[in-house]
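Below is one structure, written out as C-alpha cells; comments come after it.
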Amino acid sequence: MAEKIVLIDGHSILNRAFFGLPDLTNAEGLHTNAIYGFLNIMLKILEEEKPEYLTVAFDVHAPTFRHEMYADYKGTRKPMAEELRQQVPVMKEVLTAMGIRIIEKAGLEADDLLGTIAGRCEASGMEVSVISGDRDLLQLATEHTKIRIPKTKRGGTQIEDYYAADVKEKYGVTPHEFIDMKSLMGDTSDNIPGVPSIGEKTAAKIIAEYHSIENAYEHVDELKPPRASRALKEHWDMAVMSKTLATICVDADIDYDIEGARLGNIFTEQAYPLFQRLQFKNLLGRFEVEGPKNEVEDHFRIISSRAEAETVFERARKAERVGAAILKNTADVPPLFASQAKAGGAALCFGEEEIYCICAGEELAAKEILEKLGQTAAGAGCFAIFGLKEAMASFTPGRQDNCFDGIIAAYLLNPLKSDYTFEDVAREQLSLLLDEKQEDEARACYEAYCAWKSQPILADKLEEAGMLRLFEEIEMPLVFTLFDMERNGVKVEAAELKDYGDRLAVQIEKLEQEIYQESGEVFNINSPKQLGVILFEKMGLKGGKKTKTGYSTAADVLEKLAPDYPFVAKILEYRQLAKLKSTYADGLAVFIGEDGRIHGKFNQTITATGRISSTEPNLQNIPVRMELGRLIRKVFVPEEGYVFVDADYSQIELRVLAHCSGDRQLIEAYREEKDIHRITASQVFHTPFDQVTDLQRRNAKAVNFGIVYGISSFGLSQDLSITRKEAAQYIEQYFKTYPGIKVFLDNAVAQAKEKGYVTTLFGRRRPVPELSSSNFAQRSFGERVAMNSPIQGTAADIMKIAMIGVERQMKERGMRSRLVLQVHDELLVEAWEPEVEEVRKILKNEMEHAASLEVPLEVDMHTGMSWYEAK
DNA sequence: ATAATCACG
DNA sequence: ACGTACGTGATTATC
C-alpha cells in the first residue's frame, strides 16, 4: 500500500468551521468555534484515512504576489471577522502543540503550497488527500490526488470527494481545464473577475469544446452563443488575467521535508492544557493523561439510601427551582434498545452545589423514586427538565403549570436544528462542554444541573424574543396534550388491514406480469434507474434527463406520457398500489400494539414553522385524495361504545392570510361566507359570480394556494401547466384585486431581510438565513419561506390553541371522550357515545374561537364509525 | 447514508 | 443567466 498524506487548507477549513458552528467562547472570552470545528473535521478525516503524514497550510496575511499584481481589478476582499481573526494564531498554537506540521510562506498562498506539496508527494508515489472548502483546488485532482470538500448540511458534515474523473463527471472538464473554465466564468468568492456575461454553463461548454481559453480565442469567431464570442474578444485581457489568478502554482520554491510531517500521537501532553483552556471538554477524553474534573462534577452526589433520598426530595420540594433528569437503567438492556430502557432512578439539582442522583437499589425501588419525583415536582416553584413528554413515560409531574422543558425552549429559540439535546443547550447557553464518556449517574447529574442552570437563561431569551407567552401558554400545555394523544393511540382493525393488503397484493402481481410482458423483460419496477432505462432507452420514449443520476420517472413526467402509452399508465398504477401496500397496509400493521391500537408519536420540535409532525408511524399522511387509498381509513375505528368525531378547519391558511394582510376585499369575501375560490375567480377574471367557469375557478384556487406557498410565476405555471407569462398575468391580476396581500407579502420579505426572521401572529419566530445567500435560488427560496412561514405558522399556532382548549374542556367535564389524531387542520376525537353532542359543541367552539380574527374561522364536522366515514 | 418517489396538509 | 412552488415522513434502491 502506498503511503498517504493529508493536506489541509488551513484558512479555508477554519472559515468553514467558523460559519458552520454557533458562537462558542471559553472562560476568557476567547472565541473558539472555528478551532473546535476545524479539529472535528480534521479528526474525522484522520480517523477515516489513517494517513502517515499530515500538513496544514496557511496563507501569510500580507498581500500576496498574485493579488498585488492585479490589485486594481480585485474587489475589496472582506476583512476577516474579528471573532475569526483572533482564532488563527491559537489554531496554529494548537496544531503545533499536537505535533502537526504547519507550513506558510510569505508571498505564497496556501493553494500554491498545497499544490506544490501535493505534486511532490504524488511524484514520490504517495496517495494525497487535499482538504479544502474551496472548489478552486479541484484543478489539483489527479488519479492519486483527491480533493475533499466538507459540506455542512442539515444534520452534520458530509465530505465530497473528487479525483480527476469526478471533476470530469461533474463539470465535464478535466481538472486542468477547470482553470480555464474558471477564467471565463470567474469566481466572486475568490475575486476572479472572469469574462462578463459568461456564466458556468457557457464556460463549461466552451472549454469542453476548445479545452483552453487560448484555443478558444483562436476560434473566437466560431464561439457560440455570439454573446460569448463578442465578450471574449472584447475582454480577452480579463480572461488572461483571470487565468493567472486562477492557476495554482505547483512548483513553488519551498523547503519541505516530508519527515517533518510524519504523524505521531497528536493528543500530546503539550496539547492537553491548551484543550483545557479552550474548554474542549469532550475532546479531553481522547488524551491518555488524566485531567482534573470540572468543578461542577465535584458536587455530584450519588445516593441509594432511603434516608438520604428522602432528605434530598424534601429539600428539592421546597426549592424555588428544581432541575431533573431520568436515570436510564441501561444495565440489563441491550444497546439496540437503549431508548426503551426503563428508568433506574432520577437526578435532581436545586443549587450550584446541590446535585444528586438517586438510584434504585436494595433500599429503593425505581417506582418509588419516580413517584417521589412527581410529588417533588409539584412543590417546586419551577420544575425544569429536558424532554418532558418522553420523561413522562417514567413519571407524572404533580403539576403542569410549573413545568419548563428546556428542549422545547431551545426549539422555539431556533426551530431550524435537526435535533435538540441537553448537551447542545449546555454548550450554547452555558458554554459548558461535556465529556463524551460519562457514567450514567454522572450524565443524569449533568442533565439535571443543566436543566436547573439553563432555565432562567432560556426563559430570559424567550422573553427577549417575545416568545415567553407562546412558550408558557401554548407549547408547554401542548406537551401534555400530545402526551395524552400518544398514550390514547387510535384503534386499527388488524384483520381488515391485512385483507386490504392481500387484495392489493393480487392486483400488484397481475400488473407486474403485464408490465414484464409488455416490456419483454423482467426488471425491478421499483428502481427508477432500471425503469428509466426501459422507458427512455429500450422503448425510446421521449422525456430526456432530469435528475443527476439519470432519467426522471416521477409521476408528473409519466403522466404526460400515459395518455399515449397504456404501458406507462400501468407503471403509474403499479406504483400507486405498491406504495399503498408497502407504506400503509404493511407499514401500519407493524405498529399495532397489543391493545389493538397504534400509538404514534407526535413531535413538537421538528418543523421550522411550528407545525406538529407525526412519526412511527406517520399518521398525518394517510391517503385520502384517491378513493383506493382512502379505503385504508376504514380500518381506523373507534372502540366499542365510541364514535369518531372529525373536525377540520375550512381554509385556515387563507383566512389567516386575510386577517394578517388586512386586505379589505379578501376579508369581505370571507364574511360573505361563499365559495372563496369562486369569488376569487369572479374578481380576478372580472366575471359575474354565477358565470365563473370551472376552469376559472380551478385557476383561482391554484393561485390561492400559490399565494400561501410564496408565489412564483414558475411554480404556478408548473402547477397549472401554463406558460410562465400567463402565470405571471394571473398573479398580477390577483395582486390588483387584493392589493393588501401584495403589501403584506412584500412586508414579510422586507422584515425577514432586516431582522433575519419572520414571526407568526403569536410571536413564533422562523429565521430565514437563506435570504443573505449569494445564491439566487437560495435567496428566492428564502423569500418564499418568508411569505409562507407566518401563514403556515399562525395556522399551526391556532390549531395548537384549539387542541389545548378541546382537551381542557373534555377533562374539566370529566368526559371519557379523547383526542386521538391531529392532521394540521383536522382533529379526530374518539367520542364516548353519550358524549357525542357535547364533543361536537366543544370541538366547534374551541376551534372556531381559538383565535379571534377579522374573518370567521369555520369548522366542518362529521361523525362516523371509521375515519373513512367521519371525514 | 442519500436520492428518488409519493403520501398528507 | 439563474432555477423553484410551502411544510412534513416512509419506503425502496443503491452507493
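Below, read A as the first sequence line, B as the second, and so on, with proteins coming before strands; counting in each chain starts at 1.
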Just call it for [X]: base, sugar-phosphate, or nothing, with non-hydrogen atoms closer than 4.0 Å on any strand.
{"X": "A/G710", "result": "nothing"}
{"X": "A/F781", "result": "sugar-phosphate"}
{"X": "A/S614", "result": "sugar-phosphate"}
{"X": "A/A702", "result": "base"}
{"X": "A/R724", "result": "base"}
{"X": "A/S582", "result": "sugar-phosphate"}

Identify whether the distance between the nearest side-chain nitrogen and carboxylate oxygen of A/E475 and A/R764 falls below 4.0 Å.
->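 Looking at A/E475 and A/R764, the cut-off is met.
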
Would A/E521 and A/K538 pass as an ion pair if we require N to O under 4.0 Å?
-> yes

Nearest whole angstrom, please: distance from the [atom2] of [N] to the [atom1] of [X].
{"X": "A/I711", "N": "C/dA5", "atom1": "CD1", "atom2": "C1'", "result": "8 Å"}
{"X": "A/Y734", "N": "C/dA5", "atom1": "OH", "atom2": "P", "result": "21 Å"}
{"X": "A/D166", "N": "C/dC15", "atom1": "CG", "atom2": "C1'", "result": "13 Å"}
{"X": "A/F591", "N": "C/dG9", "atom1": "CZ", "atom2": "C1'", "result": "11 Å"}
{"X": "A/F714", "N": "C/dA1", "atom1": "CZ", "atom2": "P", "result": "17 Å"}
{"X": "A/R779", "N": "C/dG3", "atom1": "CZ", "atom2": "P", "result": "12 Å"}
{"X": "A/I198", "N": "C/dC2", "atom1": "CD1", "atom2": "P", "result": "13 Å"}
{"X": "A/L588", "N": "C/dA10", "atom1": "CG", "atom2": "P", "result": "11 Å"}

P gap between C/dA5 and B/dT5, integer Å |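 Each nucleotide's P atom is 13 Å from the other's.
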
How far does the P atom of B/dC6 sit from the matching atom of C/dC2, given to the nearest Å?
->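 So the two P atoms sit 27 Å from each other.
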
Under the rule for side-chain contact (heavy atoms from CB on, under 4.5 Å), what residues qualify as partners of [X], not counting sequence neighbours?
{"X": "A/E826", "answer": "A/R633, A/D646, A/D648, A/V823, A/W867, A/K871"}
{"X": "A/S717", "answer": "A/I722, A/R724, A/A727"}
{"X": "A/A554", "answer": "A/S552, A/D556"}
{"X": "A/D746", "answer": "A/K742"}

Determine yes or no for a side-chain-to-main-chain donor-acceptor pair under 3.5 angstrom, with A/Y516 supplying the side chain and A/F523 the backbone.
-> yes

Sub-3.5 Å donor-acceptor pair from the side chain of A/R597 to the main-chain atoms of A/G489, do we have one?
->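 Pair found, side chain donor or acceptor close to backbone of A/G489.
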
Along nucleotides 4-9 of chain B, 5' to 3', which nucleotides get a B, which get an S, and which get a -, given that the test is a protein heavy-atom distance under 4.0 Å?
-> SSBBBB

Measuring from the side chain of [X] (C-beta onward, heavy atoms only), which nucleotide among [options] has the closest atom?
{"X": "A/S613", "options": "C/dA5, C/dT11, C/dT8", "result": "C/dT8"}
{"X": "A/E616", "options": "C/dA10, C/dT11, C/dT8", "result": "C/dA10"}
{"X": "A/I606", "options": "C/dT14, C/dC6, C/dT8", "result": "C/dT8"}
{"X": "A/T583", "options": "C/dG7, C/dA10, C/dT12", "result": "C/dA10"}

Would one find a side-chain N or O of A/K529 under 4.0 angstrom from OP1 or OP2 of C/dC15?
-> yes

Would you indicate, yes or no, if C/dC6 has its OP1 or OP2 atom less than 4.0 angstrom from a side-chain nitrogen or oxygen of A/R784?
-> yes

Residues that [X] engages under salt bridge (charged side-chain N to carboxylate O under 4.0 Å, His left out), provided they are two or more places apart:
{"X": "A/R135", "result": "A/E160"}
{"X": "A/E616", "result": "A/K601"}
{"X": "A/E858", "result": "A/R655"}

Assert: residue with more 5' nearest nucleotide on DNA chain C, out of A/T202 and A/S789, is A/T202

Where does DNA chain C form stems of at least three consecutive Watson-Crick or G-U wobble pairs, each pair having both distances below 3.5 Å?
-> B:1-9 with C:6-14

